[in-house]
Amino acid sequence: MVFKRISEWRKLPVGLSELCIDTTLRCGQSFRWQKINDEWVCTLHGRILSLKQDSTHLHYKVTWPEQSVKGSPTAQKLTPKAEDDTQALLHHYFSLDLDLASLYEQWSSVDPNFRKKAPTFTGVRMLNQDAWEALIAFICSSNNNITRISQMARNGVESNLRELGFGYRAKYIAETARIVAKEKPSNWLETLRNPDNPGFGSQLTPDARVCTYKEAHEELLALKGVGPKVADCVCLMGLGWGESVPVDTHVWQIAQRDYKFGKKAKTFNKAMYDAVGDHFRDLWGKYAGWAHSVLFTADLKAFSDRSVVKEETHGVSIKEELIETNGIVLPKKRRLVETKTVTVKPEPGVEETKLPTEGEGDAKRRRTRSRGRA
DNA sequence: CCCTACCCTCTACG
DNA sequence: ACGTAGAGGGTAG
């Protein structure tokens, strides 16, 4: 395939606390971005986008196909003046209207745990992704990991999905595609979108029935391979519902560890699923899903080299010895250990914050080697 | 409501 | 080194 019309680098004024692409593009939201040398690269709305970032700006470059791709919904946009929409596309994709620093402040003011974790994970935004892409990607995410999902996302979607390594999810995708195409009204998926957060370039149809988050979530459950967690991923990342909180096993662990969930009830059923999401919506508000992503990212193994300890703890040392935390002896292993802990001032009326070195999170702070393809 | 099979890949461990 | 058990960002039946 021949590509032409490569633009010069352009830039948007965006600070790192408003957006950090190195974190946002690899924290399990989109599985198609690839870091090639110093640039993040992905196809989006019929063009190839390259991104890089410095402390003050997001830099972007566009590569257009030589001619329209037939059948592409964006093909008609490849008119000479259409290139100008790339800035608007980025603005929409990253929801740059939202003041993320203010949101972090707000979440920190109501949540000591967030205040502790967030400083080393600033600039984490939800991506405004295509709904269909999010649907298929997160069906693939069941019982899976980021590395493998990324491999799947790069494959073509055909009847031999199974041979391509999709496993049992191949049936889900085929079934879901059939249901959406034949059993649902045309444009059904888009009607589930948050009306306050329209899709990129979409026209608002005046007669469209307004949908709520709960309704959208419920509707998605009718698809094959879509349970509550996948439905919430699609709501949050593909349909613009900022209050959607996908509760996977990892978020469930966070809820138990840091938010006193599951002390009595050990079982995790649908009622508990809803309870966890409702709790975070109650705590964090309208953009609870965004706040959840910050804590989720903070617990990802891929980011385990970042300390949860504040900046003044500049010294880290490599120690080789048995480390015991809360009675759990971890295997002898080379690991990063903070040389000093920071005393966190207890907040009035709030449970005291654990000292960093005695948190259960130490077990996850193990340094991970790079995974995936070489 | 609870249990298990489902596909495949990577990792830890012997 | 090499093989194998186990887990990994759920869902359907």
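Here is the naming used below: chain letters follow the sequence lines, and residue numbers restart at 1 for every chain.
- Remark: C1' of C:dG9 and CD1 of A:Ile254 are 10 Å apart, rounded to the nearest angstrom.
- Here the C1' atom of nucleotide C:dG9 and the CG atom of A:Leu300 are 8 Å apart, to the nearest Å.
- Distance, A:Tyr168 OH to C:dG8 P: 14 Å, rounded to whole Å.
- B:dC2 makes up no base pair with any nucleotide shown, lacking Watson-Crick or G-U wobble contacts both under 3.5 Å.
- Side-chain atoms of A:Lys61 and A:Ile48, non-hydrogen and from C-beta on, never get closer than 4.5 Å to each other.
- At whole-Å resolution of the value, CG in A:Leu221 and P in C:dG13 are 14 Å apart.
- Computed from coordinates, the A:Leu220 CG to C:dA12 C1' distance equals 17 Å when rounded to whole Å.
- In the set C:dG13, B:dC6, C:dG9, the nucleotide with an atom closest to the side chain of A:Lys224 is C:dG13.
- For a distance-only test at 3.5 Å, the side chain of A:Tyr172 fails to qualify as a donor-acceptor partner of the base of C:dG10.
- By the 30° and 60° cut-offs, the orientation of the rings of A:Phe261 relative to A:Phe280 is tilted.
- For the pair A:Asp299/A:Arg257, a side-chain contact is recorded, criterion being any heavy-atom separation below 4.5 Å from C-beta on.
- Taking atom CE of A:Met272 as the reference point, atom P of C:dG10 lies 17 Å away to the nearest angstrom.
- Rounded to whole angstrom, the span from the CD1 atom of A:Ile173 across to the P atom of B:dC8 amounts to 13 Å.
- Listed nucleotides: B:dC1, C:dT11, C:dG9. Nearest to the side chain of A:Phe138: C:dG9.
- Criterion: ILVMFWY side-chain heavy atoms under 4.5 Å apart, direct or through other members. Under it, A:Trp132 and A:Met126 are part of a common hydrophobic cluster.
- In this structure, NZ of A:Lys171 is placed 10 Å from P of B:dC6, rounded to the nearest angstrom.
- Of all nucleotides present, none satisfies the Watson-Crick or G-U wobble test against C:dG9 with each distance under 3.5 Å.
- A gap of 14 Å separates the P atoms of C:dA7 and B:dT4, to the nearest Å.
- For A:Glu175, the side chain to side chain contact (heavy atoms under 4.5 Å, CB included) partners are A:Arg178, A:Ile179, A:Lys224, not counting sequence neighbours.
- Look at C:dG3: its Watson-Crick or wobble partner, with both distances under 3.5 angstrom, is B:dC13.
- Residue contacts for A:Val251: at a heavy-atom cut-off of 4.0 Å it reaches no nucleic acid atom on any strand shown.
- With A:Ser30 contributing its side chain and A:Leu127 its backbone, the two residues share no donor-acceptor pair below 3.5 Å.
- Taking the nucleotide of DNA chain C with the nearest heavy atom to each of A:Leu223 and A:Cys233, the more 5' of the two is matched to A:Cys233.
- As judged by a 4.0 angstrom heavy-atom cut-off over every strand, A:Gly225 is placed among residues touching the sugar-phosphate backbone only.
- Of the P atoms belonging to B:dT11 and C:dA1, the separation is 15 Å, rounded to the nearest Å.
- Straight-line distance between the P atoms of B:dC7 and C:dT4: roughly 22 Å, to the nearest whole Å.
- C:dT11 sits 15 Å from B:dC1 when the C1' atoms are compared, rounded to a whole Å.
- Between the side chain of A:Arg169 and the base of B:dC6, no donor-acceptor pair under 3.5 Å is found.
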Given the rule in the ring-ring contact (aromatic ring centres under 6.0 Å, His included) test, do A:Phe114 and A:Tyr104 qualify, once you have shown the distances and angles that lead to the verdict? CA-CA 8 Å; A:Phe114 188 94; A:Tyr104 269 55; 5.4 Å; yes
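- Salt bridge A:Asp54/A:Lys11: absent, no basic N to carboxylate O contact under 4.0 Å.
- Applying a 4.0 Å cut-off to non-hydrogen atoms, the residues of residues 239-249 of chain A that approach DNA chain C are A:Asp248, A:Thr249, listed by residue number.
- B:dC7 is unpaired under the criterion used here, namely a Watson-Crick or G-U wobble arrangement in which both key atom distances are under 3.5 Å.
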